[in-house]
Amino acid sequence: MNDIAAALDLDAITTHRRERTTAGLTLLHAGSVTPPDDEALPLVYALTHHRLEGAENAARRRDTSALDWYRNTAGSTLARLAHSSRLGPRIVIAPNENEMIRGPHSDTPYYVLGPDTTGATESLDVLADDAFGHVAATGLDALVAAHAALICLTGRRRPDQTLRSFAITRLPATVFTDHIGDAAVLGRDLVHEAAHNWLNDALAALHITIPDDETYFSPWRGTQRPTYGFLHACFAFPLTMIYAARARTCSIGAAHAVLADHERQQRTQLAAAQDDFTRVVKLIPDLGLRERLDTVFQHARTL
């Protein structure tokens, strides 16, 4: 566990997040901005970007009332949605499908916190907190604590249905995901999307742009994908493989079957992606980040 935890510990990300949070809060409400402490930073970082997104949408609609709310009121109002968890302050929401929005920044309908946002039910809060427990048991708690501060549960599915989860760059530290009502499986999907958020922050912190003039075959999607998307898959799926291998031994019933099946799939897919991953990772100019990505990928290959 220690090798993976060390690979995911990148000081540049914390510095980047603190600077982006301070800049965002200053833009929303000019004046004295007190940087959040380390425990509060992930959630404040997430909320700041929801406020920025909401304010931009309001300005585009020329909705001065909504713009004023995002600039002056949203901070304290949204903070009250947070609850304590074993991974620090979190917000868990579960909007209805008709509350999701479509925009140019995501292929999938997503959600932006607003004045009408309410927290998820107590049972969903408990589900999320139990998922945090499974994540902590696998040693991936620091990843989820920092990069899944705001969890948007987008719907319940049956264990035999395909689960949909995603993250978008404009709303870092936010995870959108379906669930089957099982904490161990939810933990896997939190790890997956937290990994995407981690890599987005790492690339931004290190000022790295991934060239997208080449495509590579993605065994996960069965199609060619640009370099950026392929690299993301080669980071997120190995981490879910590591999670599944560690969490499966303590799971039962449907969760055990789902995680065991995930392991089997990833073993085949990671093997298929190995040669292209070896080529793509060399495009990362920062040696430290390149080694971190390789450590995660190769560790998953050993499982």
Side-chain angles (χ1 to χ4, degrees), residues 5 8-11 13-25 28-29 33-54 69-70 72-95 110-154 165 167-168 170-177 179 183 186-187 189-198 200-201:
L8 298 174
D9 185 12
L10 184 59
D11 288 341
I13 288 179
T14 302
T15 301
H16 166 76
R17 287 152 65 95
R18 192 172 296 282
E19 290 174 350
R20 285 285 301 274
T21 300
T22 300
L25 290 174
L28 286 163
H29 192 80
V33 174
T34 303
D37 60 34
D38 288 344
E39 183 182 55
L41 177 59
L43 185 55
V44 177
Y45 181 56
L47 291 179
T48 299
H49 283 82
H50 275 263
R51 290 176 63 189
L52 288 168
E53 182 74 7
W69 185 85
Y70 279 108
N72 300 306
T73 308
S76 57
T77 301
L78 295 177
R80 288 196 287 271
L81 295 173
H83 71 276
S84 298
S85 79
R86 66 192 74 198
L87 297 186
R90 309 280 102 173
I91 290 177
V92 181
I93 58 173
Y110 63 104
Y111 183 81
V112 178
L113 297 178
D116 298 324
T117 300
T118 58
T121 62
E122 183 179 356
S123 63
L124 290 178
D125 278 341
V126 171
L127 175 67
D129 205 42
D130 288 346
F132 301 152
H134 286 283
V135 171
T138 66
L140 296 171
D141 45 319
L143 170 69
V144 172
H147 298 279
L150 200 163
I151 298 164
C152 180
L153 298 175
T154 50
S165 66
I168 58 178
R170 290 173 69 91
L171 298 175
T174 295
V175 166
F176 299 88
T177 183
H179 68 94
L186 177 57
D189 297 328
L190 295 181
V191 166
H192 184 94
E193 299 307 331
H196 286 306
N197 285 333
W198 185 98
N200 283 332
D201 276 350

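In this structure, Leu140 and Leu8 have side chains that are in contact, with non-hydrogen atoms separated by less than 4.5 Å. Counting only heavy atoms from C-beta outward, the side chains of Tyr110 and Arg170 never approach each other to under 4.5 Å. Using a 4.5 Å heavy-atom cutoff, the side chains of Ile151 and Ile93 are not in contact.
Thr174 and His50 are linked by a side-chain donor-acceptor pair at a separation below 3.5 angstrom, with hydrogens and angles left out of the test. Side chain to side chain, Asp201 and Tyr45 meet the donor-acceptor criterion of an N or O pair below 3.5 Å. Using modelled atom types and a 3.5 Å distance limit, the side chains of Thr117 and Tyr111 yield a donor-acceptor pair.
Here the straight-line distance linking atom CG of Leu186 with atom CG of Leu153 works out to 6.5 Å at 0.5 Å rounding. Note that CH2 of Trp198 and CG of Leu143 are 9.0 Å apart. Values are rounded to the nearest 0.5 Å. Atom-to-atom distance recorded for Ile168:CD1 and Asn200:CG is 10.5 Å, nearest 0.5 angstrom. The distance from atom OG1 of Thr48 to atom CG of Leu25, rounded to the nearest 0.5 Å, is 3.5 Å. With rounding to the nearest 0.5 Å, the separation of CD1 in Ile91 from CG in Leu43 is 4.5 Å.
Ionic pairing of Arg17 and Asp38 is not present here: no N-O contact between side-chain nitrogen and carboxylate oxygen is shorter than 4.0 angstrom.
Closest non-hydrogen pair, Thr177 versus Ser165, comes out as OG1-CB, 3.4 Å. In this structure, Glu53 and Leu171 approach most closely via the heavy-atom pair CB-CD2, 4.0 Å. Closest non-hydrogen pair, Ala173 versus Ala46, comes out as CB-CB, 3.8 Å. Contact between Glu39 and Pro89 at its shortest, heavy atoms only, is CG-CD, 3.7 Å. The nearest pair of heavy atoms linking Asn197 to Ala167 is OD1-CB, 3.4 Å. Here the closest non-hydrogen pair linking Arg90 and Pro42 is NH2-CB, 4.3 Å.
Residues that satisfy the side chain to side chain contact (heavy atoms under 4.5 Å, CB included) test with Arg86, not counting sequence neighbours, are Asp129, Asp130, Phe132. When the side chain to side chain contact (heavy atoms under 4.5 Å, CB included) test is applied to Glu19, the partners found at least two apart in sequence or on another chain are Thr15.
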Criterion side-chain contact (heavy atoms from CB on, under 4.5 Å) on Arg18 and Leu41, from CA distance to verdict: CA-CA 7 Å; Arg18 192 172 296 282; Leu41 177 59; 3.9 Å; yes
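When each of Leu28, Thr73, Val112 is paired with Arg51, the side-chain contact (heavy atoms from CB on, under 4.5 Å) condition holds for Leu28 and for no other.
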Show me, pair by pair, the donor-acceptor contacts under 3.5 angstrom made by side chains of residues 120-127, not counting sequence neighbours?
residue: Thr121; atom: OG1; partner: Ser123; partner atom: OG; Å: 3.1
residue: Thr121; atom: OG1; partner: Leu124; partner atom: N; Å: 3.4

